[in-house]
Each structure stands twice: as structure tokens, then as C-alpha cells.
Amino acid sequence: MSLSPPSPAILRSRGAIITALGLTQILAWGSSYYLPAVIAPAVSSDTGWPLAWVVGGLSLGLLTAGLISPRVGSSIERHGGRNVLAFSAGCIGLGQIGLAVAPNLAAYIAAWLVIGLGMGAGLYDAAFATLGRHYGHGARSAITMLTLFGGLASTICWPISALLLGEVGWRGTCLVYAAFQLAIALPLYLVILPREPPQPAVGPGLPAGPGLPVAPGLPVAPGLKEATPAREGNADPSIMIVLAATLTLAAVISSTLSVHLLTILQGSGMALAAAVGLGALVGPSQVAARAIEMTIARYHHPIFTKFASVTFVAIGVSTLWAGMPIIPLALGFYGVGIGLESIARGTLPLALFGSNGYARLMGRLAMPSLIAQAAAPSAGALLLERFGPHGTLAALSGLALANVILACGLGWRMLRRRQSQVQTR
């Protein structure tokens, strides 16, 4: 049985769906992943709870998100993303209320576990899966547009969080974010996202019927342009393994630096204000890279987006490690790389394995990435304690270069598979 084509209602409301998902992505990231960076010191100071455990709430939330992500992907594959994303907004909102009223550290951690359920059901991977369920291979441009919104999450929400912290304290800040989720995000999901008929379970890379088309407008690069994504991925499980490994490694690098970048910059002798100013270059670089990718995406296969991503990240991190006096340029390269990584994370699996089973595949790919993200900040803190900023950057540079090799290996496996298909015809 083949997947049903997008309904006329879905096609007519494409702009509204992307805009709604974009706004809710900003709210979701700002209410969860980016929140402790602003409020954690105030929480620790106000309550006396250890800062490591205050920040560790996010890690436990990410761990929860990783554990539920395969189930989330399967649910979106069968029923669409409407109810899953609405569940996400409800969990994040209720978790924020839990943070606001937490009388002790145990209750605070429990609230983060609830937020983790919302993160697993509502951040990028779930949103990408929802777009893939709606639009099939045509989701590539929608995914790219969605990442433009997501790239603004820290730029918008960090100042809002800081303002709220000064006006209503950290508990009041959590209540405001709870109101955002329950009064804005939840209704948006239920009103804008269409109901979809259930679909039978289909494994990623398994053709649902004869005549499965190649993704329109996706692969045009030499040696890749005629590959059929479903057959390519299904015939070579090593492609899936290498893809999961490179996505997970990219998540480790970005998660570590998102938490420890300011500490690393200050460790090199930079004042806090200067470190914050330079760190702010990462966000605009992400958005600029995504905007450029959106204009040229039709001319290349997503594997080249992945190549560019890992290369820019490696250049940026290695330049910081080398101590070259071009920190703004290094951070710009890094920002471009992680900006493109978000796009490759959503579009490359779609191009490799096809739209059948895409949502379930995204859930499976998200699991190791989110679990690694949960552990990365603690591992980064240990590196900083034992080896200092220079040693930490050396380790991250090694991981970034290893990811370049993994991405090249992925491209080589894809090309070999294509050549094998041609020889057997």
C-alpha cells in the first residue's frame, strides 16, 4: 500500500503550517533547551540546590527525550504530528509549572522529566517528521524554512528570559513560559495542523508499492541523481549506521559548545562581556547559512549540505583550538556549520531512505543523538576541569575531524551503492 498523497487542505495551508511550526519551535526551544543557560544561576542561588544538579535537569530531560523518540516517530508515522506535537506543548507547559512550584530538588528534577517528554515529542526531529508525513519528498524546502525559525530561538528567548528573570524571578519566568505553551503553542497545533487518516506501519526504506518515485528536485549531483532513495537505504544497512553516527557526533559537538562556549572563551583570557558578544555571532551565522541553503537546495543532493556542515564545524573548532587571533571568523564558520547540520539532519534521511517510514526513521535517529546530547555537557565539564579550555577544544577538534571522515564515508557508501545498482541493470 502506498502512502496517501497530501490532501488539498494540507497543500493549501503549507505556509500556515510552516509558520505555526516555526513559531512553536522558537517557543519550545526557548522554554526547554535554552532556558537553564539564563535561569540556572538564579535557581541555585535562590534555593541552595547545587548548580550541577540544576543544570543537570536539562540533561535528564534530554535523556528522557531520547528514550521516547522512537515511539514518537512511530506515532507520527501512523497518525500524523498533530496530537503528538499538542502533547509536547502540554508536557512542556505542565513541566514549567512544576519548575515554578518545585519545593525541593527532587520535584524540580521530576518537572524536567516531564519537560523531557515534551522535548522528545516536539523539537526538531518531531517537527521534521511531521513535515515529512505531510509532504513526502516535497518536505525538503519546508524543513529548510523551519530551521530558519529555529535558528532564532536563542536570539529571541535568551533576552526574553533575562528580562523576565529581572522582573518576575525564575519561578515567574517558568510560569510565563508555561502560559506560552498552553495558551499559544497548544492551540496552534490543534487549529493549524490538519487531522490525517491513519497509515499502516511501514519500515524506513521499504517501498510501499510499485512505482515509488525519486524525490523531485533532490538529487542532481553526478553519480547520485538517479538513485532511488528507498532501494538505496534498504539495500545497505551500513548507510543507516554511518548516518546515525555522524548525526550523533555532530550533536555531541554542538551540545558541548552550546553549554561551555562562554567558559572556553573566558578561559583564554577574554572578559565575560566580550565572550557574550562574540558568542552572539553563532546565531546569525546559522540563520544566514540556512537562508543561503534554501536558495540553492534544488541544485544539489543533501549529502553536499552534510559535507559543508561537517567541514565548516571542523574549520571553526580547529581554528579556536589553534589559538589564531580570528575568533569572530572561527565562530562564524562554526555557526554556519551547525546551521547547515540542522538542515542535513532532516533532509538527508529523506533523500536516502525515501518518504515511506520517514517519521519512524527520524525517531530512531533521534534516540542516540538526544542521549549523547544529554551526556555531552557533563563530559565537557569534566574535560574543562581536567584539561582546561585548550584541551577541551583539542578533543572537540578531533571529534569534528572524525565527523568529516564519517561524512565522506557516507558519501562513498552512497556512490558505491549507486554504482552497484547501475551494474545490475
Side-chain angles (χ1 to χ4, degrees), residues 13-30 33-34 123-132 134-135 137-160 215-221 247 250-251 253-254 257-258 261 277-317 319 326 328-351 362 407:
S13 60
R14 182 183 178 99
I17 289 174
I18 295 171
T19 301
L21 286 178
L23 293 174
T24 52
Q25 281 295 295
I26 291 173
L27 293 174
W29 285 96
Y33 188 83
Y34 291 117
L123 295 186
Y124 268 155
D125 295 297
F128 293 162
T130 299
L131 292 174
H134 284 339
Y135 304 118
H137 286 301
R140 182 179 180 182
S141 61
I143 289 171
T144 303
M145 292 178 66
L146 183 62
T147 63
L148 290 175
F149 284 91
L152 298 173
S154 61
T155 303
I156 292 174
C157 290
W158 274 346
I160 292 176
L218 285 183
V220 297
L247 294 179
I253 296 169
S254 64
L257 284 178
S258 69
L261 178 60
L278 288 173
L281 295 174
V282 174
S285 299
Q286 291 183 63
V287 175
R290 291 167 182 171
I292 293 172
E293 166 69 12
M294 186 168 63
T295 64
I296 64 174
R298 67 175 64 94
Y299 301 114
H300 62 268
H301 190 283
I303 188 62
F304 294 105
T305 305
K306 181 65 179 178
F307 288 155
S309 167
V310 296
T311 300
F312 281 125
V313 168
I315 291 173
V317 177
T319 301
I326 48 174
L329 185 60
L331 292 175
F333 274 117
Y334 170 71
V336 168
I338 62 173
L340 294 176
E341 174 63 29
S342 296
I343 297 174
R345 183 183 186 90
T347 59
L348 186 52
L350 182 64
M362 290 303 296

Checklist entry - In Å, rounded to the nearest 0.5 Å, how long is the span from CG of Leu21 to NE2 of His134? => result 7.0 Å
Checklist entry - Mind checking whether Leu261 and Val282 have side chains closer than 4.5 Å, heavy atoms only? => result yes
Item to check | Heavy-atom closest pair, residues Gly337 and Ser309 | outcome: O-OG, 2.9 Å
Item to check | Shortest non-hydrogen separation from Tyr334 to Ile253 and the atoms involved | outcome: OH-O, 4.1 Å
Checklist outcome for this item: Between the CD1 atom in Ile143 and the OG atom in Ser342, the distance rounded to the nearest 0.5 Å is 11.5 Å
Checklist entry - Rounded to the nearest 0.5 Å, how far apart are CZ of Phe149 and OG1 of Thr24? => result 9.5 Å
Checklist entry - How long is the gap from CD1 on Ile338 to CD1 on Ile343, to the nearest 0.5 Å? => result 12.0 Å
Item to check | Nearest heavy atoms of Ala344 and Pro349, plus distance in Å | outcome: O-CD, 3.5 Å
Item to check | side-chain contact (heavy atoms from CB on, under 4.5 Å), paired with Leu340, selected from Thr311, Ile292, Val310, Thr305 | outcome: Thr305
Checklist entry - In Å, rounded to the nearest 0.5 Å, how long is the span from CZ of Phe128 to CZ of Arg345? => result 8.0 Å
Item to check | Chi angles and distances behind the side chain to side chain contact (heavy atoms under 4.5 Å, CB included) call for Glu341, Val313 | outcome: CA-CA 9 Å; Glu341 174 63 29; Val313 168; 5.9 Å; no
Next on the checklist: Quick check against the 3.5 Å criterion: does Arg290 have a side-chain atom that pairs as donor or acceptor with the backbone of Leu148?
Outcome noted: no
Checklist entry - Within a strict 4.5 Å, meaning less than it, do heavy atoms of the His300 and Glu293 side chains meet? => result yes
Next on the checklist: Less than 4.5 Å apart, side chain to side chain, heavy atoms only: is that true for Leu247 and Leu348?
Outcome noted: no
Next on the checklist: On a heavy-atom basis, which atom in Met362 and which in Ala129 lie closest, and how many Å separate them?
Outcome noted: CB-CB, 4.3 Å
Item to check | Ala407 versus Ile303, closest heavy-atom pair with distance | outcome: O-CD1, 4.4 Å
Next on the checklist: Would you compute the distance between atom OH of Tyr135 and atom CD1 of Ile18 and round it to the nearest 0.5 angstrom?
Outcome noted: 5.5 Å
Next on the checklist: Can you tell me how the ring of Trp29 sits relative to the ring of Tyr34, calling it parallel under 30°, perpendicular over 60° and tilted otherwise?
Outcome noted: tilted
